[in-house]
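Read through the structure below, which is laid out as structure tokens, and then see the notes.
Below, all heavy atoms of this structure are taken into account, side chains as well, without hydrogens, waters or symmetry copies. We count residues from 1, following the sequence as given.
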Amino acid sequence: MTLTTLIFDVDGTLADTERDGHRVAFNRAFSETGLDWQWDVSLYGGLLAVTGGKERILHYIERFRPEFVRPRDMAGFLKSLHLAKTRYYVAMLEAGEIPLRTGVQRLLTEARNAGLRLAIATTTTPDNVTALLRHALAPGGETWFEVIGAGDIVAAKKPAPDIYHWVLHQLRLDPHQALALEDSENGLRAARAAGLRTLITLNHYTLHQDFSGALAVFDHLGDPGLTCRCVQGQVTAPAMVDVAWLRSVAEG
């Protein structure tokens, strides 16, 4: 079936946001709120098994802070704390501190010029997505994407396939016409459960995860002068992951 659409995850896929972006913003929000919590690089790597910021905070409390006295309005507390984290994260984006990953801008530009439809399926908040696209991609970068599925638009976060089902429904699209781009095992499981072939680009936190069922696994998408490396998958590896290669693999 003809490839018509690329659906991108955000955190870790479009940009390497987790270790030096979201983690730092969480810590700043904790400090602002008067909490002595500190998520170091190793701890945060483990917490990433839980998708969704509010869900991640709650898991941390249950697993590592059983002595924490919960406020009466726990849902309100989590929401407020996560809003503070988002404010810090957006400020980092506005300061240009979180660039897109290698090859992302090139591939997005090629896809647009080739007439492919673009969409996003992520658990991060809509504000985070918009800020990243505007400041790291282009002014008005969010308009490059026909559909943006983000945040709490569905109840069940990845690895549940709900966000991908929602995006496909909005696009009125058969999953065989699309390709998902992800960076994590949870993302792969979500995309595959929605019937999507999936390409993985690894990052610091996902190097040793299980990517069985992925179309291919790369270290990054590649750019002129910076060749990507295929680390898993029975494919003829390109110097760069481009539209022509994606079509040859998806339609071949």
Side-chain angles (χ1 to χ4, degrees), residues 9-95 97-98 120-132 135 148-164 166 182-190 193 202-210:
D9 171 54
V10 173
D11 292 323
T13 302
L14 290 184
D16 200 359
T17 57
E18 295 291 8
R19 183 179 64 178
D20 300 320
H22 288 296
R23 183 185 67 85
V24 174
F26 272 117
N27 286 334
R28 291 176 181 173
F30 298 154
S31 179
E32 175 187 295
T33 311
L35 298 165
D36 64 350
W37 305 346
Q38 187 73 20
W39 291 358
D40 62 23
V41 172
S42 177
L43 173 61
Y44 192 66
L47 293 174
L48 285 174
V50 179
T51 53
K54 294 185 291 294
E55 293 84 354
R56 195 168 297 149
I57 297 169
L58 182 59
H59 172 77
Y60 171 74
I61 292 171
E62 293 173 343
R63 175 69 176 81
F64 297 99
R65 295 285 178 165
E67 79 286 354
F68 177 68
V69 179
R70 301 191 181 200
R72 180 173 299 178
D73 181 9
M74 188 61 180
F77 167 79
L78 293 172
K79 181 179 180 180
S80 176
L81 190 55
H82 193 253
L83 284 173
K85 172 261 175 182
T86 297
R87 174 163 39 83
Y88 281 113
Y89 178 74
V90 169
M92 295 174 71
L93 290 171
E94 292 174 345
E97 297 177 17
I98 306 174
I120 281 175
T122 182
T123 58
T124 198
T125 66
D127 286 346
N128 286 349
V129 176
T130 299
L132 175 67
H135 296 286
I148 295 179
D152 296 326
I153 201 163
V154 294
K157 304 289 179 67
K158 299 175 185 178
D162 300 39
I163 190 65
Y164 277 109
W166 186 89
E182 280 278 359
D183 72 300
S184 70
E185 181 181 351
N186 276 342
L188 172 63
R189 290 169 59 192
L202 298 170
N203 65 56
H204 173 83
Y205 283 126
T206 66
L207 288 172
H208 305 295
Q209 293 184 3
D210 181 5

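- Taking 4.5 Å as the limit, every side-chain heavy atom of Thr122 sits out of range of all side-chain heavy atoms of Ile163.
- One finds the CG atom of Asn186 at 9.0 Å from the NZ atom of Lys158 (value rounded to the nearest 0.5 Å).
- Remark: Arg63 CZ is loosely packed, at most 12 non-hydrogen atoms of other residues, nucleotides or ligands lying under 6.0 Å away.
- When Tyr89, Tyr88, Tyr44, Trp39 are each tested for a ring-ring contact (aromatic ring centres under 6.0 Å, His included) with His22, only one passes: Tyr89.
- Qualifying side-chain hydrogen bond (donor to acceptor under 3.5 Å, both in side chains) partners for Lys157, counting only residues two or more places apart in sequence or in other chains: Glu55, Asp152.
- The two residues Ala84 and Glu32 have their closest heavy-atom pair at CB-OE2, 3.8 Å.
- Pairing each heavy atom of Pro161 with each of Ala193, the nearest pair is CB-CB, 3.7 Å.
- Note that NE2 of His59 is 6.0 Å distant from CZ of Phe64, once rounded to the nearest 0.5 Å.
- A side-chain donor-acceptor contact under 3.5 Å links Thr206 to the backbone of Asn203.
- Between Arg70 and Glu62 there is a salt bridge, since at least one side-chain N of the basic residue sits less than 4.0 Å from a carboxylate O of the acidic one.
- A donor-acceptor pair under 3.5 Å links the side-chain atoms of Thr130 to the main chain of Pro126, judged by distance alone.
- Closest non-hydrogen pair, Phe77 versus Pro71, comes out as CB-CG, 3.5 Å.
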### Query
Going through the checks in order, is the side-chain contact (heavy atoms from CB on, under 4.5 Å) test met by Arg56 and Lys85?
CA-CA 12 Å; Arg56 195 168 297 149; Lys85 172 261 175 182; over 6 Å; no

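- Closest of all the heavy-atom pairs between Ala150 and Val129 is CB-CG2, 4.1 Å.
- The nearest pair of heavy atoms linking Ala131 to Leu93 is CB-CD1, 3.4 Å.
- Shown here are the side-chain hydrogen bond (donor to acceptor under 3.5 Å, both in side chains) partners of Asp210, two or more places apart in sequence or in another chain: Ser212.
- Annotation: the span from Asn27 atom CG to Gln38 atom CD amounts to 4.0 Å, rounded to 0.5 Å.
- Side-chain contact check for Phe30 versus Leu81: some heavy-atom pair is nearer than 4.5 Å.
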### Task
Step by step, work out the side-chain contact (heavy atoms from CB on, under 4.5 Å) result for Arg65 and Asp36.
CA-CA 11 Å; Arg65 295 285 178 165; Asp36 64 350; 3.4 Å; yes

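- Counting heavy atoms from C-beta outward, Asn128 and Thr86 have side chains that approach closer than 4.5 Å.
- Glu185 and Gln209 make their closest contact through N-OE1, 2.6 Å (heavy atoms, listed as atom of the first residue, atom of the second, distance).
- Residues Tyr60 and Phe26 keep their aromatic ring centres 6.0 Å or farther apart.
- Atom CG of Leu14 sits about 5.5 Å away from atom CD1 of Ile120, to the nearest 0.5 Å.
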### Message
Quick one, Glu97 with Asp20, criterion side-chain contact (heavy atoms from CB on, under 4.5 Å). Give me CA distance, side-chain angles, the key distance, then yes/no.
### Response
CA-CA 9 Å; Glu97 297 177 17; Asp20 300 320; over 6 Å; no

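- Between atom CZ of residue Arg23 and atom CG of residue Leu48 there is a gap of 10.5 Å, rounded to the nearest 0.5 Å.
- Taken to the nearest 0.5 Å, the CG atom of Leu78 stands 9.0 Å off from the CG atom of Asp73.
- The only option from Thr124, Val90, Val10 that meets the side-chain contact (heavy atoms from CB on, under 4.5 Å) definition with Leu132 turns out to be Val10.
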